[in-house]
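Note that this is a predicted model, so its numbers are computed, not measured. Every chain is numbered from 1 and lettered A, B, ... according to where its sequence line falls, protein lines coming before strand lines.
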Protein chains: 2
Amino acid sequence: MPTTQTVPAQASGDNAVPPAPSRRELNKAATRQAITDAALHLLRSKGPGNFTVEDIAEAAAISRRTFFNYFSSTEAALAAVTHGFLDHALAQFRLRPAGEPILESARAALIQLADPMTVAPMAELYSLAQSNPQLNRSELEAWDHCTAEIIDAARERFARTPGAEFDELYLRALAGSLISCGKAAMDVWFARCGGSLTPESLSILRQLLIDAVGLLGSGFARPETPQASTTANNSTATPFADRL
Amino acid sequence: MPTTQTVPAQASGDNAVPPAPSRRELNKAATRQAITDAALHLLRSKGPGNFTVEDIAEAAAISRRTFFNYFSSTEAALAAVTHGFLDHALAQFRLRPAGEPILESARAALIQLADPMTVAPMAELYSLAQSNPQLNRSELEAWDHCTAEIIDAARERFARTPGAEFDELYLRALAGSLISCGKAAMDVWFARCGGSLTPESLSILRQLLIDAVGLLGSGFARPETPQASTTANNSTATPFADRL
DNA sequence: GTGCATATTTACACTCTGTGCAAGTTTGTG
DNA sequence: CACAAACTTGCACAGAGTGTAAATATGCAC
């Protein structure tokens, strides 16, 4: 698809210091993007399962074979969106100071996600995946992949924190539970707001994410009077905020 | 595959009261079993990805088309094993008294699983899935399906317990975290024991499952001295056993 | 710029998957 | 037995995914 044309390059006098992306890499990135864009458009217009790899290739102006050089399936192409979202979350996590409790780092990373630009593509895909088994499997895979990366990140952090011994079970159970709580929050958000991107809706998502991590931190203490949970967007006051 | 032959029936003078399985149902169950058996054998002998649906059909003495009447893919046929395992767990969960705390019910249900007959097929599949993306996706789907069923079971339980209000977020986050902890325990068990089915190995699995749920119940309190975790099979003495 | 090594795209051929359909076969029932 | 419903099977077909080799684009040295 990228025929020989002037490369978009980096705007103008930008910071071109780090890896200096070659034309090859730019082309590849552009093609990759063209594919996922085309796939997403087709998903929207024709609905899940009603278009083929050939359709995507045609829309992205590449050959069918080239599509398979980038992605192993339609679902994989679409899952790239989710991967992007989760990679973003992971990057946020890694930015947190090493001494911080993991649950607090996770909470901080998660609330960064409830922002329109980040959550929008994810939201759309997530809702479409609800009704499509094929798509849903890829989503699950993406979340699983993210879990594995959190485990790595957390293990690395433990390795760098002098005092802390670490337990593989602890690590894996915590990482998996965190992801599950993130998913639970998204699920409830969708059920409640239908993936709307209004400020109020995003505020609810943020609160749900915080609450979910809070539940985790409190060991899922039985909510005695849980009817006052997440209906209001009253900033950061969470139940179970004792230790996280 | 079940040609007209004397049905195995139910041994002899057994309890044939409940639904009186018809010949049709018996045949279907037998075919289904024949398929999963054949698939499992091929998986063992040829390795993942090195056999086709046609191979399975031939081994099960049915047509390719009939295979697809039972399962939508090779992976689905193999995932039936995992589904059986998880259904077993779920049945255990549903048997627990409604008043019991959910974490305690989960703990009780999970330790029932660490029994040779139950865990053996699962163990084999689980280890094979580690190295096979296709298979792993089906496994993820099976766990996800189980999560959904736990949510249903827990919701039902809440509905029947008069005093308890329930929170959708609480439910989903808890169910997801429970499954994640189960997976984490299995992961660690495999890493440590390689899926061995000796009594010691199973004892370790049991302890890992208990510990994982314990971690969940304690809100993943930072283990200050976690080096004495699950190396011994000292019955049910767990760290973090304060409230579960 | 020319030329060459390397990376990427593409066409083509091929196997395997998954599904609709219509004709056969088996099972349940009067 | 006869008939209906359920189940199996063969066939045909669209689409997925992969190996291969030829064509094209890019990077780099000169």
Side-chain angles (χ1 to χ4, degrees), chain A residues 1-9 19-35 38-39 42-43 46-79 132-135 137-138, chain B residues 1-9 19-35 38-39 42-43 46-79 132-135 137-138:
Chain A
M1 183 257 199
T3 47
T4 310
Q5 42 185 244
T6 34
V7 179
S22 72
R23 172 170 243 131
R24 279 219 167 102
E25 317 210 20
L26 289 173
N27 282 346
K28 283 184 77 164
T31 301
R32 202 179 174 80
Q33 189 66 46
I35 292 175
L42 283 165
L43 186 64
K46 302 201 168 187
N50 298 335
F51 57 97
T52 73
V53 170
E54 189 143 19
D55 295 332
I56 302 176
E58 189 182 0
I62 56 169
S63 74
R64 200 180 77 96
R65 191 62 182 81
T66 297
F67 173 92
F68 284 112
N69 286 345
Y70 282 83
F71 297 103
S72 61
S73 68
T74 307
E75 287 75 40
L78 292 167
N132 186 255
Q134 303 283 300
L135 220 54
R137 284 176 28 163
S138 292
Chain B
M1 181 260 198
T3 48
T4 311
Q5 44 184 239
T6 35
V7 180
S22 72
R23 175 171 241 128
R24 277 218 168 103
E25 316 209 22
L26 288 174
N27 282 346
K28 282 185 77 166
T31 301
R32 201 179 174 80
Q33 190 65 45
I35 292 174
L42 283 165
L43 185 64
K46 302 201 167 187
N50 298 334
F51 57 97
T52 72
V53 170
E54 190 142 20
D55 295 333
I56 301 176
E58 189 182 1
I62 55 169
S63 74
R64 198 180 77 96
R65 191 61 182 81
T66 298
F67 173 91
F68 284 112
N69 287 345
Y70 283 83
F71 297 103
S72 61
S73 67
T74 308
E75 287 74 40
L78 292 167
N132 186 255
Q134 301 283 302
L135 221 54
R137 280 173 35 160
S138 292

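Residue B:R64 places its side chain closer to D:dA12 than to any other of D:dT20, D:dA12, D:dG17. Closest to the side chain of B:T31, from the set D:dT8, C:dT8, C:dT9, is D:dT8. Closest approach to the A:T66 side chain among D:dT18, C:dT9, C:dG20 is made by C:dT9 (side chain taken as heavy atoms from C-beta onward). In this structure, of D:dA5, D:dT26, C:dT9, it is C:dT9 that holds the atom nearest to the side chain of A:N69.
When only modelled atom types and interatomic distance are considered, B:R23 and B:N27 share no side-chain donor-acceptor pair under 3.5 Å.
Of the side-chain N and O atoms in A:S73, none sit less than 4.0 angstrom from OP1 or OP2 of D:dA16. An OP1 or OP2 oxygen of D:dC7 is reached within less than 4.0 angstrom by no side-chain nitrogen or oxygen of B:Y70. The phosphate of D:dT9 has OP1 or OP2 within less than 4.0 Å of a side-chain N or O from B:S63. Applying the 4.0 Å criterion to OP1 and OP2 of C:dC16, one finds that B:T52 has every side-chain N and O outside that range. OP1 or OP2 of C:dT27 lies within a sub-4.0 Å distance of a side-chain N or O belonging to B:R23. Between A:N27 and D:dT26, a side-chain N or O to OP1/OP2 separation shorter than 4.0 Å is present.
Listed for the B:T52 side chain is a donor-acceptor partner under 3.5 Å among the backbone atoms of B:D55. The backbone N or O of A:E25 lies less than 3.5 Å from a partner atom in the side chain of A:S22, making a donor-acceptor pair.
When side chains are defined from C-beta on, B:V53 does not count as touching B:F71, because their heavy atoms never get closer than 4.5 Å. Taking the side chain as every heavy atom from C-beta outward, A:R64 and A:F67 never approach each other to under 4.5 Å. Counting heavy atoms from C-beta on, the side chains of A:Y70 and A:K28 come closer than 4.5 Å.
Take the nearest nucleotide of DNA chain D for B:F67 and for A:E54: the residue whose nucleotide is more 5' is B:F67. Both B:S72 and B:R24 lie near DNA chain C, and the one whose nearest nucleotide falls closer to the 5' end is B:S72.
Regarding A:L26, its CG atom lies at a distance of 17 Å from the P atom of C:dA7, rounded to whole Å. Rounded to a whole Å, the CD atom of B:E58 is 17 Å from the C1' atom of D:dT8. In this structure, the CD1 atom of A:I62 is 16 Å from the P atom of D:dA25, given to the nearest Å. The distance between atom CG of A:L78 and atom P of D:dA16, rounded to the nearest whole Å, is 13 Å. Rounded to a whole Å, the CD atom of B:E25 is 12 Å from the P atom of D:dA6. As a whole-Å value, the separation of A:F51 CZ from D:dA16 C1' is 14 Å. For the pair B:Q134 CD and C:dT17 P, the interatomic distance rounds to 11 Å; values are reported in whole Å. Straight-line distance from the CZ atom of A:F68 to the P atom of D:dG19: 12 Å, rounded to whole Å.
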Polar-atom pairs under 3.5 Å, protein N or O versus N or O of nucleotides 2-4 of chain C: list them with distances, or write none.
none

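Expressed to the nearest 0.5 Å, how far CD of A:E54 lies from OG of A:S63 amounts to 9.5 Å.
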Where do A:L135 and A:L43 land on the side-chain contact (heavy atoms from CB on, under 4.5 Å) test, with the steps shown first?
CA-CA 11 Å; A:L135 220 54; A:L43 186 64; 4.3 Å; yes
